[in-house]
Structure formats: structure tokens, C-alpha cells
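Written out below as C-alpha cells is the structure these notes cover.
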2 protein chains.
Amino acid sequence: MKMSAGVEWGVHCCVVLSQAQEPVPAARLAEFHGISRTYLAKNLQQLSRAGLVRATEGRDGGYELTRAASSITVLDVVQAIDGDQPAFRCTEIRQRGPLASPPEECTRPCGVARVMAKAEQAWRSSLREVSVADLAVTVDKDSGRTALTALRGWLAEG
Amino acid sequence: MKMSAGVEWGVHCCVVLSQAQEPVPAARLAEFHGISRTYLAKNLQQLSRAGLVRATEGRDGGYELTRAASSITVLDVVQAIDGDQPAFRCTEIRQRGPLASPPEECTRPCGVARVMAKAEQAWRSSLREVSVADLAVTVDKDSGRTALTALRGWLAEG
DNA sequence: CTATCTCGGACAGAACTTATCCACGTTAGG
DNA sequence: CCTAACGTGGATAAGTTCTGTCCGAGATAG
Ligand code: SF4
Ligand code: SF4
């Protein structure tokens, strides 16, 4: 079980964007994190397609959040980048082999699939409870309340 | 985010083994589910390494559970096959870029990583609450209480 | 003792993820 | 108008993991 590595970038970018007052170019976000410009662009496109960020093209363009940081959950970002397909995919092997269940008995997901779905639901719920705004506060606290002001300063010196 | 497809096989095999009184060969388990013999063997090896099943070699050998089905949780099977590495791997990008946090500030996982870890913890807890024995009961109920007896019959006719 | 059956690990192939690049349409400013 | 900055999408590799197959070592029954 593995989550796309781009999720970490996406979350961090959303935190950064929550502190910006104007569009931030992708190249600048990449520079800030010291990561690949070109690949980050791909991830940002996914955020854009999911409707979490808006991209303004042309000169002085860049990315900005479409709504308040407090209403963007971590789950939103994870699903935007990592996809919203369930981790457990049932192959319906109960319908194969010598003791196969007839299809008319398989109207609903079997017990195994239900257990997996419930666990993923718990995972999603946990991620849904934290917003990007919450995250920004946490990061700020961890740094002794210096991170966000430093970040805003760096964004201003464009 | 994706979980190994072999997990489904592993869970089903454990349910089958919970109804067996003698070792069941891998080839027979594969035949029962209508899946690849050779690849299932690999998954069973992982279960064996994790200590969930015991393999007896030689003629009339096969696999059997090492402990009661009620004390084997779904989480055990998932971790045995899919690995126990966390889905979210932090790359410590906060220590890179122009505003990098100094290493002495990074004594513990940052806010993002903590949120992810908590969510995975919730997922694990959910899977830990269900045992293979519970699963067998569920599957039996779904089939109108005929699945387990049919299964035991099929196992007996070696 | 031996024939046979079993697991175990080593070995390829497929599929996905990660990463890069470039041509294109769009926008602001000179 | 024309240039420079910026996102978009597709095409393209490289790397890594997942999937699948193979044969040999070892154990058991007879
Ligand atoms: S028994 Fe459940 S997990 Fe297995 S194939 Fe059927 S629906 Fe899928
Ligand atoms: S801020 Fe958190 S998620 Fe990001 S690199 Fe640091 S520890 Fe990892």
C-alpha cells in the first residue's frame, strides 16, 4: 500500500497558497520546496482539475486557492492527487472456481469487501477532519510562530 | 493509493483454511479460487513468513493456520501481504528550499505527517477489529448458511 | 530407499509511477 | 503590435513496483 509521493507536495503547496494574496507561479512553488519544477506542474494541474486551485494564465499568472483554506480538507488534496479509487479492489473471486457463487447471490459486496470499505471510510473521515488552515496553524506552532510570517515575507519579495 | 491485489487472495485463503482440519496444498487453494497457482504460492509464502500460517512440506503437506481463526485479524493478513510500511512517506521537504527549517527544529514528524499517520492508525484500528473467524461467519450468512458446509465438503473430498 | 509431493527463492515480464521536455494558447505590459 | 511570462496538454523515457512463472531443495509416505 502506497500513496503517491506528490501528495506531500500538493499539501505543502496548498499551505503556501493559503498565505498568498496573489497568484503564485508553479516555478516559484517548486523553488520554495526545492523540488522538480516540471513534475510539480503536473500535480498542480491535478489540483486544478479537481477545482481546489484556480490557474490564471499569462503574465503575472499563477495558482491561487478557489475557496477559504478552512474549507479545503486534507482529504480533498489527497483525492485530487492520488485519485479517489478505493485501495481495495474486489476481483469477485467468489464467482470463480468449483464452488462459485451464482451471480444472483452477489447483489451486494461480500463480507471481505465490506470490511475493507469500512476501514477506508474511517481513514477518509480522519483526513476530512483537518483543513489546510488547521495545518498552517500547526506548522506555525511547530516552528515557534515564525514560519508563516517568514513565508509571507518570502512571497512578497517577488 | 492502491493495495496489492494479493490481499484479496490471502484473506480468502485464510477463511478457507479456518475450515480445514488438515493441511491444504497451495495448488488446491488456487484451484478453489480459480486463480494462478504459482503466484498464489508467493503470497502464501508471505503469510508463512509473517507467522500466520505454517507450511508442512512433503507429501500430504500444505498450509494450515498457526492459531485460532478468531485471533487472526484482517489487519494481520493485510500487513503480511501488503507490507507494513506506511502509505504516506515523508520526504522532509521542509528541510529544503530557501526557507528550510534547520534540522534541530525537526525532532518530530511535522504536522502533515502527523495527520497522515493518525488517519492510517484509524484505518488499521478498523481492520484490527475483524477476525478471520468473523469473516467466515459473515460469508456464511450471506450465502444463506450453505457456504461453509459446502466448503468443508469440498475440502474433505481430497 | 525412492518416487513423489510440497514449499521456497530466484528469475523474467507487465504495469504503473515518476520525471522531463516541448509546442501551444493566453495574458499583461511596453 | 510585440515580447516576455505563465499554465496546459501530450508525447516520451527512466525507474520502480507489482504480477506471474520457473525450477531446485527438502521432506514425507510407502
Ligand atoms: S468474497 Fe468479497 S472480496 Fe472476495 S471476491 Fe467476493 S466480493 Fe471480492
Ligand atoms: S512538513 Fe511534514 S510532510 Fe512536509 S516534508 Fe516536513 S515532515 Fe514531511
Side-chain angles (χ1 to χ4, degrees), chain A residues 1-10 13 17 20 22-31 33-66 78 80-83 85 87-89 91 93 158, chain B residues 1-10 13 17 20 22-31 33-66 78 80-89 91 93 158:
Chain A
M1 181 125 110
K2 187 182 158 203
M3 164 180 299
S4 171
V7 169
E8 186 180 359
W9 302 357
C13 284
L17 290 179
E22 50 191 20
V24 183
R28 200 152 169 73
L29 286 169
E31 177 199 355
H33 294 112
I35 57 182
S36 155
R37 278 136 248 213
T38 52
Y39 191 39
L40 178 63
K42 278 271 178 278
N43 289 338
L44 289 172
Q45 280 175 33
Q46 295 183 269
L47 291 180
S48 175
R49 271 193 287 266
L52 296 180
V53 302
R54 175 202 339 281
T56 48
E57 296 185 356
R59 186 188 168 119
D60 293 352
Y63 288 97
E64 55 192 336
L65 298 182
T66 55
V78 170
I81 293 184
D82 207 52
Q85 287 200 329
F88 179 82
R89 280 111 162 179
T91 333
I93 65 180
Chain B
M1 181 123 110
K2 188 179 157 205
M3 164 180 303
S4 171
V7 170
E8 186 180 358
W9 302 357
C13 285
L17 290 178
E22 51 191 21
V24 183
R28 200 152 170 72
L29 285 169
E31 177 200 356
H33 295 112
I35 57 183
S36 156
R37 277 135 253 220
T38 51
Y39 189 38
L40 178 64
K42 191 160 163 36
N43 289 340
L44 289 172
Q45 281 174 37
Q46 295 183 267
L47 290 180
S48 174
R49 269 195 289 265
L52 295 180
V53 303
R54 175 202 338 281
T56 49
E57 296 186 355
R59 187 188 169 116
D60 291 354
Y63 289 97
E64 56 192 336
L65 299 181
T66 54
V78 170
I81 293 184
D82 207 51
D84 54 358
Q85 287 199 329
F88 179 82
R89 280 111 160 176
T91 333
I93 64 179

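Only this structure's heavy atoms are used, side chains among them; waters, hydrogens and symmetry mates stay out. Every chain is numbered from 1, with letters handed out A, B, ... down the list of sequences.
- Applying the side chain to side chain donor-acceptor pair (under 3.5 Å) rule to B:Thr91 yields the partners A:Glu8; only residues at least two apart in sequence or on another chain are considered.
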Short N/O separations, protein against nucleotides 6-10 of chain C, under 3.5 angstrom:
{"residue": "C:dT6", "atom": "O4'", "partner": "B:Gly58", "partner atom": "O", "Å": "3.2"}
{"residue": "C:dC7", "atom": "OP1", "partner": "B:Ala26", "partner atom": "N", "Å": "3.3"}
{"residue": "C:dG8", "atom": "OP2", "partner": "B:Tyr63", "partner atom": "OH", "Å": "3.1"}
{"residue": "C:dG8", "atom": "N7", "partner": "B:Gln45", "partner atom": "NE2", "Å": "3.2"}
{"residue": "C:dG9", "atom": "OP2", "partner": "B:Arg49", "partner atom": "NH1", "Å": "2.7"}
{"residue": "C:dG9", "atom": "N7", "partner": "B:Gln45", "partner atom": "OE1", "Å": "3.1"}
{"residue": "C:dG9", "atom": "N7", "partner": "B:Gln45", "partner atom": "NE2", "Å": "3.2"}

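- When the C1' atom of C:dT18 is taken as reference, atom CD1 of A:Ile35 falls 13 Å away, rounded to whole Å.
- C:dA15 atom P lies 15 Å from atom CZ of A:Arg89, rounded to whole Å.
- Atom-to-atom, CG of B:Leu40 to P of D:dG20 comes out at 11 Å; the value is rounded to the nearest Å.
- Atom CZ in B:Arg37 sits roughly 15 Å away from atom P in C:dC5 (whole-Å rounding).
- With sequence neighbours left out, B:Ala5 forms a side chain to side chain contact (heavy atoms under 4.5 Å, CB included) with no residue at all.
- In terms of the side chain to side chain donor-acceptor pair (under 3.5 Å) criterion, residue partners of A:Ser36 (sequence neighbours excluded) are, by chain and number, A:Thr38.
- Between the CD1 atom of B:Ile81 and the C1' atom of D:dT19 there is a distance of 14 Å, given to the nearest Å.
- When the P atom of C:dA19 is taken as reference, atom CD of A:Glu8 falls 12 Å away, rounded to whole Å.
- When the C1' atom of D:dT16 is taken as reference, atom CD of B:Gln85 falls 13 Å away, rounded to whole Å.
- Distances shorter than 4.0 Å separate none of the side-chain N or O atoms of A:Tyr39 from OP1 or OP2 on C:dT20.
- Contacts of A:Glu31 classified as salt bridge (charged side-chain N to carboxylate O under 4.0 Å, His left out), with partners at least two apart in sequence or in another chain: A:Arg28.
- Within the structure, every pair that satisfies the salt bridge (Lys or Arg N to Asp or Glu O under 4.0 Å) test and touches residues 37-62 of chain B, not counting sequence neighbours, is listed here: B:Arg54-B:Glu64.
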